[in-house]
Amino acid sequence: MANFYTEHPELRYHLNNPMMERICELKERNYKDKDKYDYAPQDYADALDSYDKVLEITGEITGEVIAANAEGVDQEGPHCANGRVEYASGTKLNLDAMVKAGLNGMTMPRRFGGLNFPITPYTMCAEIVAAADAGFGNIWSLQDCIETLYEFGNEDQHSRFIPRICAGETMSMDLTEPDAGSDLQSVMLKATYDEANQCWRLNGVKRFITNGDADLHLVLARSEEGTRDGRGLSMFIYDKRDGGVNVRRIENKLGIHGSPTCELVYKNARAELCGDRKLGLIKYVMALMNGARLGIAAQSVGLSQAAYNEALAYAKDRKQFGKAIIEFPAVYDMLSTIKAKLDAGRALLYQTARYVDIYKALDDIARERKLTPEERQEQKKYAKLADAFTPLAKGMNSEYANQNAYDCIQVHGGSGFMMEYACQRIYRDARITSIYEGTTQLQTVAAIRYVTNGAYIAILRDYEQVPCSEEMKPLLERVKAMADQFETCTNFVKEAGDQELHDLMARRLYEMAADCVMSHLIIQDATRAPEMFSQSAKVYVNYAEAEIEKHNAFIQGFNKEDLACYRK
């Protein structure tokens, strides 16, 4: 029986990271639930065992059900009739299997019917599901929208909505509009207060809404009449049971066919305010998007794993000139590079998830009691690290998913261009990851302040002090030199004092920072588990070093007069 968790020991390795002990301590409030719920862990070892077992169940369902349905779902896709979405038949089977296994509301407190899991093991489940079917991963993983409702909604909303998600109902986040894609300040869906019925009414159109016919929606709408910017936007909860929203159409997409991407028409739809007015974009959507970006990073890693699995299997089986093609340097070069990017990107993903876990848990505790000065300092530290790492994890892993899917097809040669091979679906599904929930260009915008304020170089210098094995020491020295080049390039751009030059170089500086961070993380992993990561560490540092040299040569050799060549 296929199991997408046990077949990839790298996941269990990341689950057993030393930081997880602190995460569990915070999430479980020193394991106080053990006397109230028979399934609550007694201690750290029991918590890890619980995560491991749920991951194994997720891996089994993914291998036996979701993977088996993936091609059929891709071909059938969802349907739209009479303003409603009907999922593909395979998607219905997938959802049924996940709900019966209790894999919904995973991060929610037990009092609402959730599993009270940290973000890290939940993110692993999202990666596992995406490795089989990235489109279904969108539907299932949107349950994490409930994090935003839990964080900013009131107790009455918690009691009414969170148990429904834990029981298996679906969610969506309705942000984008025909004239407001990345520029969410331009959202114009109108929210007006209905005094007679003591509720809000929503009117307008939303477009490109993933899983747009979900049971519960978090909706960004303009509540302040006469405003045109983000200060006039609020967050609302729409319940499909109340009616007033119809699906005009499902988009005909290149990939992720199982995931219905909808255009929605709001006609006097009843809704309720989530949190405070005017903070919809400024505070709540930022929190929502950060969670979504971590989710897309997980989806991207899952797709990279799928690409590697398909390429490796084909290369072992396919024979040319009397031997398996995996024996040819041109092929094993591609395979080793796919694996190195996968391992380095996964290390970045779970380092980010652990940072998010600590600050989110402390945020939650702060709603129950006053944090100690030490806890406040810890919260601040990990909130900044999470904010700095999330755009790296989302942007780089989505780019790697695209590159790895491309190389997977190349390993297949002409067969990779044929529809009967899974690599073509992986390639089509991967393409959206660097676009939705903030393009790679927007991840650069989010990250660049950590380049210019010295945060990334400070993190890299801290990583240089982390002990490594004798085998890894030569690699560490090379990564130190890479960081020197990154710092020199950063200073070069800052000292130029030209905003246009700064913006043009931002993507290159962003990638240099990410390459250095991932090099350190894969070296740390190879030190702890050389049998698993030593080869990837060597390949990745070779790859990253060449990337750093490329960007360094471009930046250092660039003259401000060259800017005119890039303007159109």
Quiz item: How about D387 and Y450: does a side-chain donor come under 3.5 Å of a side-chain acceptor?
Solution: yes

Exercise. Please state whether the rings of H412 and Y421 are parallel, tilted or perpendicular, taking 30° and 60° as the class boundaries.
Key: perpendicular

Self-check item: Value rounded to 0.5 Å, distance of CE in M512 from CD1 in I555
Solution: 5.5 Å

Quiz prompt | For the student: nearest non-hydrogen atoms of L142 and S172, plus distance | solution = CD1-CA, 4.4 Å

Practice problem: Could you note down all residue pairs passing salt bridge (charged side-chain N to carboxylate O under 4.0 Å, His left out) where residues 540-566 supplies at least one of them, sequence neighbours left out? | Solution: R478-E545, D498-K560, E547-K550

Quiz prompt | I23 vs R354 side-chain heavy atoms within contact, under 4.5 Å | solution = yes

Quiz item: Partners of F328 by ring pair (Phe, Tyr, Trp, His ring centres under 6.0 Å), sequence neighbours excluded?
Solution: none

Self-check item: Polar side chain donor-acceptor pair, E147 to T107, under 3.5 angstrom
Solution: yes

List the atom pairs, donor and acceptor, that lie under 3.5 Å between side-chain atoms in residues 316-324 and the rest of the protein, sequence neighbours left out.
none

Self-check item: Side-chain touch S259/N211, heavy atoms, less than 4.5 angstrom
Solution: no

Quiz item: Quick one: salt bridge (charged side-chain N to carboxylate O under 4.0 Å, His left out) pairs with a partner in residues 524-543, sequence neighbours left out?
Solution: E471-K538

Quiz item: Any chance the rings of W140 and Y122 have centres within less than 6.0 Å?
Solution: yes

Quiz item: Atom CD in E56, atom OG1 in T6: separation rounded to 0.5 Å?
Solution: 6.0 Å

Practice problem: Would you please name every residue forming a side-chain hydrogen bond (donor to acceptor under 3.5 Å, both in side chains) with Y436, sequence neighbours left out? | Solution: N138, Q299

Quiz item: Are the side chains of Q524 and M472 in touch, meaning some heavy atoms are under 4.5 Å apart?
Solution: no

Exercise. For residues T337 and M334, determine if any side-chain heavy atom of one lies less than 4.5 Å from a side-chain heavy atom of the other.
Key: no

Quiz item: Between R507 and E399, does a salt bridge (Lys or Arg N to Asp or Glu O under 4.0 Å) hold up when you go through it step by step?
Solution: CA-CA 12 Å; R507 173 72 179 271; E399 293 293 330; 3.6 Å; yes

Self-check item: Side-chain heavy atoms of P9 within contact of M532, under 4.5 Å
Solution: yes

Exercise. Heavy atoms only: give me the nearest M396-A514 pair and the separation to one decimal.
Key: CG-CB, 3.4 Å

Quiz item: For the residue pair F389 and Y355, does the interplanar ring angle fall in the parallel (under 30°), tilted (30 to 60°) or perpendicular (over 60°) class?
Solution: perpendicular

Self-check item: Interatomic distance, S519 atom OG to L348 atom CG [nearest 0.5 angstrom]
Solution: 11.0 Å

Quiz prompt | Pairs touching residues 511-538 that satisfy ring pair (Phe, Tyr, Trp, His ring centres under 6.0 Å), sequence neighbours left out | solution = Y13-F533, Y463-H520

Quiz item: Any Lys/Arg nitrogen of K473 or E470 sitting under 4.0 Å from an Asp/Glu carboxylate oxygen of the other?
Solution: yes

Quiz item: So, do V541 and I523 sit near enough that their side-chain heavy atoms are less than 4.5 Å apart?
Solution: yes

Quiz item: Quick one: OG on S50 to CZ on F117, what's the gap to the nearest 0.5 Å?
Solution: 4.0 Å

Exercise. Classify the side-chain pair D407/Q403 by whether it contains a donor and acceptor separated by less than 3.5 Å.
Key: no

Quiz item: Under 3.5 Å, is there a donor-acceptor pair between the Y350 and E127 side chains?
Solution: yes

Quiz item: What pairs with Y543 under ring pair (Phe, Tyr, Trp, His ring centres under 6.0 Å), at least two apart in sequence or on another chain?
Solution: Y540

Quiz prompt | Salt bridge E71-R425, side-chain N to carboxylate O under 4.0 Å | solution = yes

Quiz item: Just wondering, are more than 12 heavy atoms of other shown residues or ligands nearer than 6.0 Å to CZ in R428?
Solution: yes

Practice problem: Evaluate whether atom OH of Y427 has more than 12 neighbouring non-hydrogen atoms of other residues, nucleotides or ligands under 6.0 angstrom away. | Solution: no

Quiz prompt | Residues R84 and E86 bridged, charged N to O under 4.0 Å | solution = no

Quiz item: Can you name the closest pair of heavy atoms from T123 and A298 and give their distance?
Solution: CG2-CB, 3.6 Å

Quiz item: Any sub-3.5 Å donor-acceptor pair from Q424's side-chain atoms to M419's backbone N or O?
Solution: yes

Quiz item: Which distance, rounded to the nearest 0.5 Å, do you find between the CG of L294 and the OG1 of T352?
Solution: 6.5 Å

Practice problem: With sequence neighbours left out, write down each residue that passes side-chain hydrogen bond (donor to acceptor under 3.5 Å, both in side chains) with D52, or none if nothing qualifies. | Solution: Y5, R12

Quiz item: Going by atom types alone, do Y87 and D213 pair a side-chain donor with an acceptor below 3.5 Å?
Solution: no

Quiz prompt | Residues in side-chain hydrogen bond (donor to acceptor under 3.5 Å, both in side chains) contact with E21, at least two apart in sequence or another chain | solution = none

Quiz item: Hey, what do you get for OG1 (T433) to CZ (R431), rounding to the nearest 0.5 Å?
Solution: 8.0 Å

Exercise. Count the heavy atoms belonging to other residues, nucleotides or ligands that lie under 6.0 Å from CG of N252, then report whether that count exceeds 12.
Key: no

Quiz item: Just checking, any donor-acceptor pair under 3.5 angstrom between side chains of S536 and D343?
Solution: yes

Practice problem: Please name the pair of heavy atoms, one in V539 and one in S336, separated by the smallest distance, quoted to 0.1 Å. | Solution: CG1-O, 3.7 Å

Exercise. Return the set of residues passing side-chain hydrogen bond (donor to acceptor under 3.5 Å, both in side chains) with N404 (not counting sequence neighbours), or none when no residue passes.
Key: S304

Self-check item: side-chain contact (heavy atoms from CB on, under 4.5 Å) involving D484 - partner list, sequence neighbours excluded
Solution: R461

Quiz item: Is the closest side-chain heavy-atom distance between V129 and S141 below 4.5 Å?
Solution: no

Quiz item: Between R293 and E437, is there a salt bridge with N-O shorter than 4.0 Å?
Solution: no

Exercise. Please list, chain by chain and in numerical order, all residues satisfying ring pair (Phe, Tyr, Trp, His ring centres under 6.0 Å) with Y510, sequence neighbours excluded.
Key: none

Practice problem: Identify which one of E511, R508, Q485 satisfies the side chain to side chain donor-acceptor pair (under 3.5 Å) criterion when paired with H551. | Solution: E511

Quiz item: Is there a side-chain hydrogen bond (donor to acceptor under 3.5 Å, both in side chains) between D357 and T120 once you walk through the steps?
Solution: CA-CA 7 Å; D357 259 325; T120 300; 2.7 Å; yes

Exercise. Using the side-chain hydrogen bond (donor to acceptor under 3.5 Å, both in side chains) rule, take E76 and S89 through it: C-alpha gap first, then chi angles, then the decisive distance, then the call.
Key: CA-CA 8 Å; E76 180 186 348; S89 53; 2.9 Å; yes

Quiz prompt | Nearest heavy atoms of I209 and T176, plus distance in Å | solution = CD1-O, 3.8 Å

Self-check item: Aromatic plane relationship, Y566 with F558 - under 30° parallel, 30 to 60° tilted, over 60° perpendicular
Solution: tilted

Quiz item: Just wondering, do N69 and T91 contact through their side chains at under 4.5 Å, heavy atoms?
Solution: no

Exercise. Begin with the C-alpha distance, continue with both residues' side-chain angles, and end with the deciding distance and a verdict on side-chain hydrogen bond (donor to acceptor under 3.5 Å, both in side chains) for E487 and N491.
Key: CA-CA 6 Å; E487 187 171 24; N491 291 335; 4.8 Å; no

